[in-house]
Amino acid sequence: MAKATYFVTIIYKGREDDYAEYLGAGCSLAVDSVDPNAPGFVAAIRASNRREAMILAKREYPDYFVLDKIKKAS
């Protein structure tokens, strides 16, 4: 079975409150965003399921806050 791509939201540690304000302002995070004002970004992770995507994201970004907001690419 082929692995799917999952989009996992990654937030810089200490910027969790900024993330709520960022969303409240009508902004959204982009995949691999380079916006310096963004409190985080969305990482594209290849995994078999959402659980594996979360584990891989936490392993790849250990110094970041990984949200459990995971979407499967269609």
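Note that the numbering runs from 1 along the sequence shown for the chain. For clarity, every value in this text was computed on a predicted model and none was experimentally measured.
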Pairing residues for [X] by the side-chain contact (heavy atoms from CB on, under 4.5 Å) criterion, not counting sequence neighbours:
{"X": "E60", "answer": "I45"}
{"X": "K69", "answer": "T9, Y19, L67"}
{"X": "A4", "answer": "Y6, K72"}

If you compare all heavy atoms of [X] against all heavy atoms of [Y], which two are closest, and at what distance to 0.1 Å?
{"X": "M54", "Y": "V66", "result": "SD-CG1, 3.5 Å"}
{"X": "I10", "Y": "A57", "result": "CD1-CB, 4.2 Å"}
{"X": "A47", "Y": "A53", "result": "CB-N, 3.5 Å"}

Q) Taking the inter-plane angle between the rings of F41 and Y12 on a 0 to 90° scale, is it parallel (under 30°), tilted (30 to 60°) or perpendicular (over 60°)? A) tilted

Q: Taking salt bridge (Lys or Arg N to Asp or Glu O under 4.0 Å) as the test, write out the residues that go with R46, two or more places apart.
A: none

Q | Pair listing, salt bridge (charged side-chain N to carboxylate O under 4.0 Å, His left out) test, anchored in residues 4-27, at least two apart | A | R15-D18

Q | For E52, all residues meeting side-chain hydrogen bond (donor to acceptor under 3.5 Å, both in side chains), sequence neighbours excluded | A | K3, S48

Q. Does any non-hydrogen side-chain atom of L56 lie less than 4.5 Å from one of R59?
A. yes

